[in-house]
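Encoded as structure tokens, the structure appears first; notes follow it.
Here is how names work: the chains are called A, B, and so on, in the same order as the sequence lines, proteins then strands, and each is numbered from 1.
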2 protein chains.
Amino acid sequence: MFVRIATDRSPRPNSLRDFGMTSDPNTIVSLSEFTYRKGTEVYGEKEPAEYVYQVKVGAVRSYKLLTDGRRQIGAFHLPGDIFGLENGGAHRFTAEAIIDTTVHLIRRQSLEMVAKSDAMVAKNLFGMTTANLHHAEEHMLLLGRKTSLERVAAFLLEMDTRLTAADVIALPMSRRDIADYLGLTLETVSRALSRLHEFGVLGFIGNTQRQIVLLDRVKLASFDLQN
Amino acid sequence: MFVRIATDRSPRPNSLRDFGMTSDPNTIVSLSEFTYRKGTEVYGEKEPAEYVYQVKVGAVRSYKLLTDGRRQIGAFHLPGDIFGLENGGAHRFTAEAIIDTTVHLIRRQSLEMVAKSDAMVAKNLFGMTTANLHHAEEHMLLLGRKTSLERVAAFLLEMDTRLTAADVIALPMSRRDIADYLGLTLETVSRALSRLHEFGVLGFIGNTQRQIVLLDRVKLASFDLQN
DNA sequence: CGGGCTATTGACGTCAGTCAAGCGGGGTGG
DNA sequence: CCACCCCGCTTGACTGACGTCAATAGCCCG
């Protein structure tokens, strides 16, 4: 299968046809595939939303920046996740590939056309927006009121349910990404992980520090006070 | 007009008829009115969502609690605002009247029935959910990355656009409510307001401390770094 | 007039941030 | 093949912004 790798911002209008994966005329929704290299931007905040994306392999971060560079990551998008879905016409986050990432992409316009006639599709879109809202609401509680240890514990529990195969969490993102997701600094995240390690809640394996073994999920959960 | 005042949790099922405002048989959506006294709960988190509410007069806070009592207010609902709209079956916040508050209420079920047949209504519901999502996304940035002064400035700017008649902001909520909305303590909010006062950005009028005059909107905006 | 509630202000404490050093793995180039 | 460098992470020492605790003042209401 011929797949082009993005080195800068892609896909650009009319580039879909380039790698021969646009829909045939009988398909209503064009489903294409594209790969973004580690660190490349999928779309920028306030750009018109032309596509909706689904992660096939890889990981994506969605974030907002303040003028002085402070960054808040609103969500991580992992395999299976759909992102870039906007009701208004413009993206409200910048999205970047954390690691090399392959996505399916669908023209927003096609999707809206289908949704207009197919109530089931419309309902699904509504459901996705609702799920995003739920996530944001929980995250406000975390950002506004939880301690650093609670935030990191909550993060690990979230990642555990979202990307674990077996009992090893293979984090695609750096400590800085985690910090910007949790409203902390990378040092504080690192210290919290070390403390959880000392407590016997988790272990590190492999030669990178991004593979985490959960040794005691119950104890880990006790560090996040939930609501 | 006969309107009952809630002293505890209301309305209870079948209580709508009590004050004679349920819809006549020709109206599809039943539109009733109800008043909650200051401090009373409109609904609790995880309760089944039976009604959708619109503030007529007053103000409502929506919040989540951690087990140890830490509170995060997710939104304030002011006259005209619709709240309690859930896609799933249960409320995800507790809602309380901040001051005596009169709401219109609509049975969720009726609303869903109408939405099923009327695409315009469905679109509006989707739009409200999207607006809530936008608000939550902006608030994550505030909670995760802004300083106390920036948060308070952002809060005043939000309230200015949402409830000002003339150039006086008449805040219905206490310093504690503001603090729990901004992820701060009430003392920090008070200090930030004092600083903004010193800077000549705002003044207080009246005998309560909840009436604020914006003297310099431009300068105020410069305290919130926006994105 | 008194009690309770809310807000302000000050003194002090603490948790997370800042700054900096050092470690270790991976990749590159000599 | 090895040496070096770069990058991400950890850890320590110190700082600082915000939280905590407490005193006081003003307002509201009975």
Side-chain angles (χ1 to χ4, degrees), chain A residues 38-39 61 66 68-72 98-99 142-156 169-198 202-212 223 225, chain B residues 37-39 59 61 66 68-72 98-100 142-153 155-156 169-198 202-212 223 225:
Chain A
K38 175 179 172 172
R61 59 182 167 242
L66 295 176
D68 62 359
R70 280 173 285 173
R71 183 177 70 158
Q72 179 62 44
I98 295 174
I99 51 179
L142 179 149
L143 293 170
R145 287 299 177 219
K146 290 186 181 178
T147 66
S148 62
L149 200 59
E150 290 167 346
R151 293 180 201 209
V152 172
F155 170 74
L156 290 173
I169 307 178
L171 298 173
M173 71 290 283
S174 69
R175 298 291 188 263
R176 170 164 293 280
D177 287 337
I178 300 172
D180 286 349
Y181 180 59
L182 299 178
L184 300 169
T185 60
L186 63 92
E187 291 94 332
T188 299
V189 170
S190 181
R191 279 185 245 270
L193 287 171
S194 296
R195 287 183 65 191
L196 291 172
H197 188 169
E198 286 168 26
L202 56 83
F204 297 93
I205 58 170
N207 26 27
T208 84
Q209 293 94 322
R210 295 196 191 175
Q211 304 227 81
I212 292 175
F223 282 104
L225 239 29
Chain B
R37 270 212 192 293
K38 176 179 173 171
R61 57 183 168 242
L66 294 176
D68 62 358
R70 279 174 286 172
R71 183 177 69 158
Q72 179 62 45
I98 296 174
I99 51 178
D100 291 359
L142 179 149
L143 293 171
R145 288 299 177 219
K146 290 187 181 178
T147 66
S148 62
L149 200 59
E150 290 167 347
R151 295 180 200 208
V152 172
F155 170 75
L156 290 173
I169 307 178
L171 297 174
M173 72 289 283
S174 69
R175 297 291 187 262
R176 169 164 294 279
D177 286 336
I178 299 170
D180 286 349
Y181 179 59
L182 299 178
L184 300 169
T185 59
L186 63 91
E187 291 93 334
T188 299
V189 171
S190 182
R191 280 185 245 269
L193 286 171
S194 296
R195 287 183 65 191
L196 290 172
H197 187 173
E198 286 167 27
L202 56 83
F204 298 93
I205 57 169
N207 26 27
T208 83
Q209 293 94 323
R210 297 197 189 174
Q211 304 227 83
I212 291 174
F223 283 104
L225 237 30

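- Not a single donor-acceptor pair under 3.5 Å links the side chain of A:Gln211 to the backbone N or O of A:Phe204.
- In terms of the side chain to side chain contact (heavy atoms under 4.5 Å, CB included) criterion, residue partners of B:Ala59 (sequence neighbours excluded) are, by chain and number, B:Leu78, B:Ile98, B:Ile99, B:Pro172.
- Remark: B:Arg151 engages no residue in a side-chain hydrogen bond (donor to acceptor under 3.5 Å, both in side chains) (not counting sequence neighbours).
- For A:Leu193 and B:Leu149, each mapped to the nucleotide of DNA chain D holding its nearest heavy atom, the one lying further toward the 5' end belongs to A:Leu193.
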Heavy-atom contacts, protein to nucleotides 24-30 of chain D, under 4.0 Å, summarised as B (base), S (sugar-phosphate only) or - (none) per nt, yield ---SS--
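- Relative to the axis of its first five pairs, the axis of the last five pairs of the helix from C:dC1-D:dG30 to C:dG30-D:dC1 sits at 30°, rounded to 10 degrees.
- For the pair A:Lys146/A:Leu225, no side-chain contact is recorded, criterion being any heavy-atom separation below 4.5 Å from C-beta on.
- Remark: A:Asp177 pairs with A:Arg61, A:Arg71 by the salt bridge (charged side-chain N to carboxylate O under 4.0 Å, His left out) rule, at least two apart or across chains.
- Residues passing the salt bridge (charged side-chain N to carboxylate O under 4.0 Å, His left out) test with A:Glu150, sequence neighbours excluded: B:Arg70.
- The side-chain hydrogen bond (donor to acceptor under 3.5 Å, both in side chains) test applied to A:Arg145 returns B:Asp180, not counting sequence neighbours.
- Here CD1 of A:Ile212 is found 10.0 Å from CD1 of A:Ile205. Values are rounded to the nearest 0.5 Å.
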Please tabulate, for the side chains in residues 188-198 of chain B, all donor-acceptor contacts under 3.5 angstrom to protein atoms that are two or more places apart in sequence or on a different chain.
unit_1, atom_1, unit_2, atom_2, d
B:Thr188, OG1, B:Thr185, OG1, 3.0
B:Ser194, OG, B:Ser190, O, 3.0

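- Although no hydrogens or angles enter the test, the distance criterion places a donor-acceptor pair under 3.5 Å between the side chain of B:Asp100 and the main chain of B:Lys38.
- Shortest non-hydrogen contact noted between A:Leu143 and A:Tyr181 is CD2-O, 3.8 Å.
- Protein atom CZ of A:Arg195 is 15 Å distant from nucleotide atom C1' of D:dT10, rounded to whole Å.
- Of all nucleotides in DNA chain C having an atom under 4.0 Å from a heavy atom of chain A, the first and last in 5' to 3' order are C:dA16 to C:dG26.
- Using a 4.0 Å cut-off on heavy atoms, the residues of residues 184-192 of chain A that approach DNA chain C are A:Leu184, A:Thr185, A:Glu187, A:Thr188, A:Arg191, listed by number.
- Within the 4.5 Å cutoff, side-chain heavy atoms of A:Leu171 are placed close to those of A:Phe155.
- Looking at residues two or more places apart in sequence or on another chain, you find a side chain to side chain contact (heavy atoms under 4.5 Å, CB included) between A:Gln209 and A:Arg175.
- Here D:dA17 presents its C1' atom at 16 Å from CG of B:Leu182, a figure rounded to the nearest Å.
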